[in-house]
Amino acid sequence: MIIDILTIFPEFFNSPLEQSLIKKARDKGIIKVNIYDIRDFATDKHRTVDDTPFGGGDGMVMKIEPVYRALKHAEQISGRGYKIFLTPQGKRLNQKKVSELSCRKHIILLCGRYEGIDERIENFIDEEISIGDYVLMGGESAALVLIESIGRLIPGVVGTENSVKDESFSSGLLEYPQYTKPYDFMGYKVPDILLSGNHKKIKEWRAVHALVKTYKKRPDLLNEENISDDMKSMLKEYLKKNA
Ligand code: 6GU
């Protein structure tokens with residue numbers, strides 16, 4: 001996958017994209033990241049990328065020409081890409097969207113700063129994405145969130161496919177509780193069933209506890225689609241026993 005990032009803060013990405021699994025994926029050539037400095041596409045000697053808003057008001061607006069030229073340049077280098085504008089006004093990101101995007105060959109992430117980009121940018125992008133209902137200083141950290149969430153779904157980036165498949169959200173539920181040594185930490189013990197060696201029972205326990213955890217921490221995630229009648233009665237029984 002080719003990921004192009006258009007930003008006025010190219011250095012922002014240096015360290016995060018040089019760590020851990022993303023770095024390995026880049027080294028292996030599974031992910032190719034190109035960072036473009038929008039300022040390089042300004043045409044005046046001050047390399048201006050923002051200006052005051054028409055109609056007055058506080059703050060500055062990112063000019064459309066340098067952004068447009070940066071987009072065109074990125075596509076000249078790597079071909080047509082799926083152009084995403086990171087903005088708090090975009091569609092809220094979720095695992096389904098992440099999964100969809102992970103199938104694309106080439107995405108272009110446009111990071112906005114200041115009070116936003118000239119509205120006419122909407123004519124030149126494919127989608128606007130927000131990472132949640134709060135306001136960041138710019139789209140850069142949101143671009144990183146996208147890269148991490150998408151990157152780990154690309155085959156070969158995260159160790160085993162299973163560790164991706166089983167975890168929180170892919171199934172619509174939170175992940176079951178995990179433990180490692182020591183068995184007893186300050187009196188808090190690991191559930192004995194996990195030490196029993198009975199794989200059928202362990203599987204069952206994990207299914208119930210994924211459900212219990214979701215019910216307790218994120219009840220908003222439960223719906224008719226991700227909870228079968230069997231699971232419903234198991235949850236009821238568990239809650240009755242542990243009331
Ligand atoms: Cl993508 N950008 C900014 N500036 N703020 C945000 C956001 C994006 N997503 C949530 N808040």
Side-chain angles (χ1 to χ4, degrees), residues 1-19 22 31-42 47-75 78 81-104 106-154 168-169 218 220-221:
M1 178 189 261
I2 299 173
I3 303 175
D4 294 331
I5 304 172
L6 278 50
T7 173
I8 57 169
F9 293 115
E11 277 97 49
F12 186 96
F13 296 93
N14 291 354
S15 164
L17 296 180
E18 285 295 325
Q19 313 289 330
I22 295 286
I31 298 175
K32 174 151 180 38
V33 182
N34 301 309
I35 300 177
Y36 297 103
D37 185 347
I38 294 169
R39 232 173 250 291
D40 290 342
F41 299 89
R47 312 206 323 138
T48 308
V49 290
D50 61 334
D51 207 337
T52 53
F54 275 121
D58 287 335
M60 297 293 269
V61 177
M62 268 174 87
K63 292 165 67 62
I64 193 162
E65 304 105 305
V67 171
Y68 174 79
R69 278 196 289 267
L71 281 171
K72 287 294 126 186
H73 179 78
E75 290 197 316
S78 304
Y82 190 70
K83 296 178 278 296
I84 299 168
F85 173 29
L86 282 318
T87 162
Q89 299 179 6
K91 194 160 167 244
R92 184 139 37 98
L93 186 65
N94 58 25
Q95 191 64 27
K96 181 165 169 274
K97 172 56 70 180
V98 168
S99 174
E100 280 167 30
L101 292 174
S102 73
C103 299
R104 294 198 175 266
H106 179 200
I107 59 175
I108 301 175
L109 305 178
L110 171 58
C111 307
R113 280 267 158 175
Y114 309 110
E115 305 303 306
I117 302 181
D118 186 309
E119 190 76 10
R120 291 167 288 183
I121 191 61
E122 68 183 11
N123 301 297
F124 304 98
I125 54 158
D126 295 302
E127 183 163 15
E128 298 186 347
I129 291 181
S130 157
I131 61 162
D133 295 337
Y134 41 81
V135 181
L136 303 167
M137 290 189 270
E140 281 77 8
S141 49
L144 282 176
V145 166
L146 256 187
I147 292 169
E148 278 224 23
S149 53
I150 292 171
R152 56 191 292 293
L153 296 186
I154 298 173
S168 302
F169 290 112
R218 290 294 306 275
D220 57 297
L221 292 177

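Order of listing sets the numbers, starting from 1, for every ligand and every atom in it. Start at 1 with the first residue, then count along the sequence. What's counted below: heavy atoms across the whole structure, side chains too, no hydrogens, waters or symmetry copies.
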* Glu140-Thr7 side chain donor-acceptor pair, cut-off 3.5 Å -> yes

Return the residue, atom name and 0.1 Å-rounded distance of the protein heavy atom closest to [atom].
{"atom": "atom 2 (N) of ligand 1", "value": "Pro88 CD, 3.4 Å"}
{"atom": "atom 11 (N) of ligand 1", "value": "Tyr134 O, 2.5 Å"}
{"atom": "atom 10 (C) of ligand 1", "value": "Gly132 O, 3.1 Å"}
{"atom": "atom 1 (Cl) of ligand 1", "value": "Thr87 N, 3.2 Å"}
{"atom": "atom 4 (N) of ligand 1", "value": "Leu136 O, 3.3 Å"}
{"atom": "atom 9 (N) of ligand 1", "value": "Ile131 N, 2.9 Å"}

* Asp40 side chain reached by Arg47 side chain, heavy atoms, under 4.5 Å ->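 Sidechains of Asp40 and Arg47: in contact.
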
* Asked: Does any non-hydrogen side-chain atom of Tyr82 lie less than 4.5 Å from one of Leu101?
  -> yes

* Residues two or more places apart in sequence or in another chain: which of them pass side-chain hydrogen bond (donor to acceptor under 3.5 Å, both in side chains) with Asp118? -> Arg120

* Using the side chain to side chain donor-acceptor pair (under 3.5 Å) rule, collect all pairs that involve residues 56-71, keeping only residues at least two apart or in two chains. =>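 Checked against side chain to side chain donor-acceptor pair (under 3.5 Å) - neighbours excluded - no pair reaches residues 56-71.
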
* Aromatic plane relationship, Tyr36 with His73 - under 30° parallel, 30 to 60° tilted, over 60° perpendicular -> perpendicular

* Relative to ligand 1, is Ile129 under 4.0 angstrom through side chain, backbone, both or neither, heavy atoms considered? ->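 Looking at Ile129 and ligand 1, just backbone atoms fall under 4.0 Å.
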
